[in-house]
**Student:** 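Here it is, the structure in full.
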Number of protein chains: 2
Amino acid sequence: MPKISDSTIRRLSMYYRSLSEFETKGYKTISSEHLAKTEKLTPAQVRKDLSFFGSFGTRGLGYKTRELKERIGKILGLDHIWNVALIGLGNVGSALVSYKEFQKQGFLIKLLFDNDQRKINKKHKGILVSDVKDLVEKLKNNKIEIVIIAVPTQAAQEVADLVVSAGVKTILNFAPTRIKVPQDVVVRFVNMAMELEHLSFCLSNQDFSVAT
Amino acid sequence: MPKISDSTIRRLSMYYRSLSEFETKGYKTISSEHLAKTEKLTPAQVRKDLSFFGSFGTRGLGYKTRELKERIGKILGLDHIWNVALIGLGNVGSALVSYKEFQKQGFLIKLLFDNDQRKINKKHKGILVSDVKDLVEKLKNNKIEIVIIAVPTQAAQEVADLVVSAGVKTILNFAPTRIKVPQDVVVRFVNMAMELEHLSFCLSNQDFSVAT
DNA sequence: GTTTATTTGTGAATAATTTCACAATCAATC
DNA sequence: GATTGATTGTGAAATTATTCACAAATAAAC
């Protein structure tokens, strides 16, 4: 059981996306070189990433597009539906509810939570909004596996504690602050300002050659 | 002129955020150890990251919170206003317009573009929406330095080409596809589905010990 | 002002990741 | 069915990133 790095997982997602494209374009097979080129990687990188999980290719031929896509899909857990809850219906939260890519990949937003009485008990894009007071109970009852936190900074830790106490093991955090969770809970942190800061760094430091 | 890695730039953003918090909490000075702990890093990592840009600390004491924050702010280019344009007023685009963190860090969204006649020439959160037909001209006239692309997949490359032709060197891409740009243009790619895929990978592969 | 406590800054050591290079294997051709 | 050409899978090598460890420097205590 080797350690799989974040970078490898990220690249698997990219391969999955590329393979979907190649599939719709009608490519029956694909080589590591071709796959690498579309993602600006080396063929060796592609093969090494895949090698952690098995050997899926045919020497002399490459990979069967459809098969590899499905294998990677399975590795990423995209072969079934995940029950997702979203907390916080501000700008970001609202956008995420209708984010097409989520549904497409099997992430089903089943529950919405907010603490604003004007939003509670009304439907938002077809989903009833619950009071964050009932969070723990409803997360448990609905067998929620992934929670998206999109609340303001000050509320983030409090909400995270509740989510953890409901037994949820994976959190996607959009609040611009680091949340503390037990060892066995995985948190992914998305901060869009950070991405802009990266760009402004590049604009401000063109004397440094930024590694890409 | 060393190469600064993506990870280092990302961590600088995190330090900046932590330092802002420490400043409001009234901490006058801060040690690399303290800073490291809040970000789950090692003190050596913090010091090494900073060392690429100079030596900002005082031995025996640590760093002056306010000063270090400002130094990192300067490194990240947060010491002045950046002119930003946003293309695509769908779910994601709309959310980004009102994303508080952007304004806070000095990213000023000056122009909005869409190709939907119902949105064009109307105001959206106080900003007039322009036709994407006038993109190149307006990007140039308004000295736009950073462009956020939040259009559907199919339109992304076309829009990116226009942005590049207007001389813009940095792009934040929310379209779930890789866009091709010349060597001297920096693109950051944000894909929220990818983050969920990371989580579903973790849920599906608990036998692999995922590196964190 | 001397001593003691800390904490930085950094070269060296270690660990992790990526790339290389090539034997092994298979498809396609003749 | 042998030969050729292509491409995988993978140890070894190279590169990159992180951590260690300690001298140098400073603040604080006495």
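Within every chain, numbering begins at 1; the chains are lettered A, B, ... in the order of the sequence lines, protein sequences first and strands thereafter. In what follows, every heavy atom counts, from backbone to side chain, and hydrogens, waters and symmetry copies are set aside.
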**Student:** Can you tell me if the side-chain N/O atoms of Ser7(B) get under 4.0 Å from OP1 or OP2 in dA17(D)?
**Tutor:** no
**Student:** Ile4(A) CD1 to dT18(C) P: how many Å, rounded?
**Tutor:** 12 Å
**Student:** For Leu68(A) and dT8(D), what is the distance between atoms CG and C1' respectively, to the nearest whole Å?
**Tutor:** 12 Å
**Student:** Expressed as a whole number of angstroms, how long is the span from Lys48(A):NZ to dT17(C):P?
**Tutor:** 12 Å
**Student:** Kindly label the base of dA5(C) as syn or anti, based on whether its glycosidic torsion lies within 90° of 0.
**Tutor:** syn
**Student:** Could you state the atom-to-atom distance from CD of Gln45(A) to P of dT18(C) in whole Å?
**Tutor:** 5 Å
**Student:** Can you check nucleotides 27-30 of chain C for protein contacts, nitrogen or oxygen pairs under 3.5 Å, and list what you find?
**Tutor:**
none

**Student:** Under 4.0 Å: is that the gap between some side-chain N or O of Arg47(A) and OP1 or OP2 of dT19(C)?
**Tutor:** no
**Student:** Kindly say whether Arg10(B) contributes a backbone atom to a donor-acceptor pair with the side chain of Asp6(B) at under 3.5 angstrom?
**Tutor:** no
**Student:** How many whole angstroms separate atom CZ of Phe56(B) from atom C1' of dG9(C)?
**Tutor:** 12 Å
**Student:** Output the single nucleotide from dT19(C), dG9(C), dA17(D) whose closest atom is nearest the side chain of Thr42(A).
**Tutor:** dT19(C)
**Student:** Can you measure Glu67(B) atom CD to dT8(C) atom C1' for me and round it to whole angstrom units?
**Tutor:** 14 Å
**Student:** Which residues in residues 15-37 of chain B have a heavy atom closer than 4.0 Å to any atom of DNA chain D?
**Tutor:** none
**Student:** Below 30° counts as parallel, above 60° as perpendicular, anything between as tilted: where do the rings of His80(A) and Trp82(A) land?
**Tutor:** tilted
**Student:** Under the rule for side-chain hydrogen bond (donor to acceptor under 3.5 Å, both in side chains), what residues qualify as partners of Lys169(B), not counting sequence neighbours?
**Tutor:** Asp184(B)
**Student:** Rounded to whole Å, how long is the line connecting atom NZ of Lys40(A) with atom P of dT18(C)?
**Tutor:** 17 Å
**Student:** What's the separation between atom CZ in Phe174(B) and atom CD1 in Ile149(B), rounded to the nearest 0.5 Å?
**Tutor:** 11.0 Å
**Student:** Has the side chain of Glu33(B) got a donor or acceptor atom that lies under 3.5 Å from a matching backbone atom of Pro43(B)?
**Tutor:** no
**Student:** Name the pairing partner of dC22(C), where a pair is Watson-Crick or G-U wobble with both distances under 3.5 Å, or state none.
**Tutor:** dG9(D)
**Student:** For the residue pair Leu78(B) and Glu197(A), establish whether any side-chain heavy-atom pair is separated by less than 4.5 Å.
**Tutor:** yes
**Student:** My understanding is that a pair needs two contacts under 3.5 Å, Watson-Crick or G-U wobble. By that rule, which nucleotide pairs with dA28(C)?
**Tutor:** dT3(D)
**Student:** Using the test salt bridge (charged side-chain N to carboxylate O under 4.0 Å, His left out), find all partners of Lys104(B) that sit at least two apart in sequence or belong to another chain.
**Tutor:** Glu101(B)
**Student:** Sequence neighbours left out, what passes salt bridge (charged side-chain N to carboxylate O under 4.0 Å, His left out) with Arg66(A)? Give chain and number order.
**Tutor:** Glu23(A), Glu70(A)
**Student:** Quick one: is dG9(C) close enough that its OP1 or OP2 comes under 4.0 Å of any side-chain N or O from Tyr63(B)?
**Tutor:** yes
**Student:** What residue pairs, at least two apart or across chains, pass salt bridge (charged side-chain N to carboxylate O under 4.0 Å, His left out) with a residue in residues 71-91 of chain B?
**Tutor:** Glu67(B)-Arg71(B)
